[in-house]
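Scope of the values below: all heavy atoms of this structure, side chains included, with no hydrogens, waters or symmetry mates. Residue numbers count from 1 along this sequence.
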Amino acid sequence: MLSAEARPYIDASVPVLREHGLAITTTFYRNMFAAHPELTNLFNMGNQASGAQQQSLASAVFAYAANIDNAAALGPVVSRIVHKHASVGITAEHYPIVGRHLLGAIQETLGAAATPDLLSAWEEAYGLLAHALITEERKLYEAAGTAPGALQSMRVVGLENQGTLARSFTLAPMDGEATPDFVPGQYVSVAVDLPGGLRQLRQYSLSDAPGQPTLRISVKREVAGQETPAGQVSNWLHDNLEVGGTLAITKPFGDFQPDVRSTTPIVLLSAGIGITPMIGTLNAIARCHPQREVVFGYAARDAAHHPHRQDLADAQARMPNLRTAVFYETLDTAAQPSTGIFAGRMDVARLPVWAYADQPVYLCGPLPFMQVQWRDLVAAGVPPTRIHREVFGPDLLDHLL
């Protein structure tokens with residue numbers, strides 16, 4: 001628990017972090033990578049280049065300061081961070097490095113305003129957070145039966161294009177090793193050695209049901225945008241990984257875990273490549289409880305950019321109580337409600353109706369999509385505690401700010 005002496009300084013930091021948080025985190029990453037270039041192998045350098053990681057860390061530091069006494073609010077955030085850290089092999093030895101450079105960035109950015117008492121308070125607050133993360137990460141490694149950063153070689157035994165930009169890779173263990181078990185909704189990190197000696201890790205959701213001799217991931221080719229670089233790892237996988245090739249992965253991690261064993265109704269909403277954990281979840285439900293009531297909503301640019309259409313069709317054939325709604329921003333014909341296909345973006349009002357106050361809703365997709373759906377779901381009567389979301393990439397923690 002934060003000491004009474006430190007608390008006023010953390011509380012007073014909230015407006016300061018709102019104003020200077022991005023400058024602090026930008027300085028933090030610049031200085032830390034200069035002193036420890038080896039850490040670039042653990043961080044997503046694409047997110048560094050786009051500025052997304054700096055913004056995400058600024059949001060996280062601000063959210064921590066603003067909610068330091070709110071364990072209920074911070075708990076899910078800590079859980080997500082712990083799983084992400086475990087998926088890239090973070091260890092206790094990394095935390096002093098991060099703490100030293102974070103405090104240094106606060107001092108460098110705030111100048112004289114970073115008094116010794118303020119820095120001492122943040123050193124205490126960071127120490128408490130680091131201890132909590134280290135403890136939970138150690139538990140995750142033990143439960144997974146793995147060492148930090150350990151990788152398993154998998155052989156590619158199948159490839160399948162999933163619409164215009166996505167491709168599925170089916171992976172089988174090598175040398176008689178066991179297929180890693182997982183919970184639907186979880187992901188693995190894949191390790192790729194890029195030109196120039198840079199190794200990068202990326203997380204990809206497992207896009208099929210567990211309990212099979214293979215794993216499947218589905219990767220969207222991330223093309224360059226006006227403000228974002230092309231995805232280094234996704235493009236490498238699309239351009240280089242063929243049947244017979246090998247891929248190094250971690251054990252599965254991730255706390256986004258829809259309950260597939262329950263028989264109560266469930267709602268799965270996604271957009272873009274966010275469909276991957278939902279398809280894995282849907283396929284698992286189809287295997288164990290095909291009679292379960294499921295609302296499955298999906299949004300894409302158009303039919304050509306809709307991955308896993310065959311999986312969805314197969315589930316519809318097996319699950320009599322599956323109700324679907326697919327939204328295409330561009331549709332050649334008018335909306336076709338009778339077939340569950342609609343023109344435009346996902347609209348809660350056009351989804352199949354469910355008991356809003358009672359049923360869990362799971363969200364995955366681009367952040368703007370999830371922000372809109374969260375707002376509209378709450379307005380429709382869905383309690384925020386019933387909404388669970390998986391974020392691909394840095395999370396802006398908008399619900400805590």
Side-chain angles (χ1 to χ4, degrees), residues 44 46-60 76-77 80 84 162-167 185 187 202-207 217-235 238 254 256 258 267-282 296-309 312 325-331 342-348 350-351 361-379 382 384 387-401:
N44 184 322
N47 288 333
Q48 289 289 324
S50 70
Q53 189 63 59
Q54 294 90 329
Q55 181 62 62
S56 177
L57 180 59
S59 298
V77 178
R80 180 176 186 269
K84 186 68 174 289
Q162 299 286 352
T164 300
L165 291 177
R167 177 176 295 172
Y187 52 78
R202 294 291 186 274
Q203 293 72 46
Y204 295 106
S205 294
L206 294 155
S207 58
I217 60 173
S218 301
V219 179
K220 176 188 174 186
R221 183 191 288 272
E222 298 292 347
V223 299
Q226 291 184 341
E227 299 180 356
T228 56
Q232 292 175 296
V233 174
S234 68
N235 281 277
H238 275 255
F256 183 77
V267 181
L268 308 173
L269 306 179
S270 59
I273 200 61
I275 195 173
T276 50
M278 303 305 187
I279 283 295
T281 297
L282 187 65
F296 191 97
Y298 178 68
R301 184 187 311 173
D302 51 41
H305 289 82
H306 182 168
H308 293 290
R309 294 175 69 181
L312 185 55
V326 175
F327 298 81
Y328 296 139
E329 291 185 36
T330 302
L331 189 60
F342 301 87
R345 298 187 176 185
M346 185 179 291
D347 181 356
V348 170
R350 292 195 287 175
L351 290 168
V361 179
Y362 293 86
L363 281 174
C364 188
L367 274 174
F369 163 82
M370 290 198 290
Q371 290 167 336
V372 169
Q373 300 311 314
W374 183 291
R375 180 199 67 202
D376 292 350
L377 287 165
V378 171
V382 179
I387 304 173
H388 313 274
R389 68 181 195 172
E390 172 71 312
V391 181
F392 290 171
D395 190 352
L396 294 184
L397 305 177
D398 48 287
H399 60 298
L400 294 183
L401 305 183

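With contacts defined as side-chain heavy-atom distances shorter than 4.5 Å, the pair L363/F369 qualifies. No side-chain heavy atom of S205 sits under 4.5 Å from any side-chain heavy atom of F256. Side-chain contact between Y328 and H305 is absent, with no heavy atoms from C-beta onward closer than 4.5 Å. Between V391 and R80, some side-chain heavy-atom pair lies under the 4.5 Å cut-off. The closest side-chain heavy-atom distance from F342 to L351 is not below 4.5 Å.
Scanning for side-chain contact (heavy atoms from CB on, under 4.5 Å) contacts around P76 gives an empty result, with sequence neighbours left out. By the ring pair (Phe, Tyr, Trp, His ring centres under 6.0 Å) test, Y298 pairs with H306, sequence neighbours left out. Under the side-chain hydrogen bond (donor to acceptor under 3.5 Å, both in side chains) criterion, T281 pairs with no residue, sequence neighbours left out. Listed by chain and residue number, R375, D376 satisfy the side-chain contact (heavy atoms from CB on, under 4.5 Å) test with V372 (two or more places apart in sequence, or in another chain). The side-chain hydrogen bond (donor to acceptor under 3.5 Å, both in side chains) test applied to S218 returns S168, S207, H308, not counting sequence neighbours. In this structure R345 satisfies the salt bridge (charged side-chain N to carboxylate O under 4.0 Å, His left out) test together with E329, sequence neighbours excluded. Shown here are the salt bridge (charged side-chain N to carboxylate O under 4.0 Å, His left out) partners of R221, two or more places apart in sequence or in another chain: D239.
Taking the six-membered ring for Trp and thresholds of 30 and 60 degrees, Y362 and H388 have nearly parallel ring planes, at less than 30 degrees apart.
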Mind running side chain to side chain contact (heavy atoms under 4.5 Å, CB included) on L312 and I275 for me, showing each step along the way?
CA-CA 10 Å; L312 185 55; I275 195 173; 5.9 Å; no
Going through the checks in order, is the side chain to side chain contact (heavy atoms under 4.5 Å, CB included) test met by V361 and L268?
CA-CA 6 Å; V361 179; L268 308 173; over 6 Å; no
Side chain to side chain contact (heavy atoms under 4.5 Å, CB included) evaluation trace for I217 with L206:
CA-CA 5 Å; I217 60 173; L206 294 155; 4.1 Å; yes
Between M278 and C364, is the side chain to side chain contact (heavy atoms under 4.5 Å, CB included) condition met? List the steps.
CA-CA 8 Å; M278 303 305 187; C364 188; 3.8 Å; yes
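Between L165 atom CG and I273 atom CD1 the span is 9.0 Å, to the nearest 0.5 Å. For the atom pair CD of E390 and OG1 of T276, the computed distance is 8.5 Å after rounding to the nearest 0.5 Å. A distance of 5.0 Å separates CG in L377 from CD1 in I387, rounded to the nearest 0.5 Å. Distance OG/S270 to CZ/R389: 15.0 Å, rounded to 0.5 Å. Between E222 atom CD and Q232 atom CD the span is 12.0 Å, to the nearest 0.5 Å. If you take CG on N44 and NZ on K84, they are separated by 7.0 Å, rounding to the nearest 0.5 Å.
In this structure, Y204 has its ring center at least 6.0 angstrom away from the ring center of Y187.
Of all heavy-atom pairs between P307 and A166, the closest is CB-CB, 4.2 Å. Here the closest heavy-atom approach between residue F296 and residue I279 is recorded as CZ-CD1, 4.1 Å.
Using modelled atom types and a 3.5 Å distance limit, the side chains of N235 and H238 yield no donor-acceptor pair.
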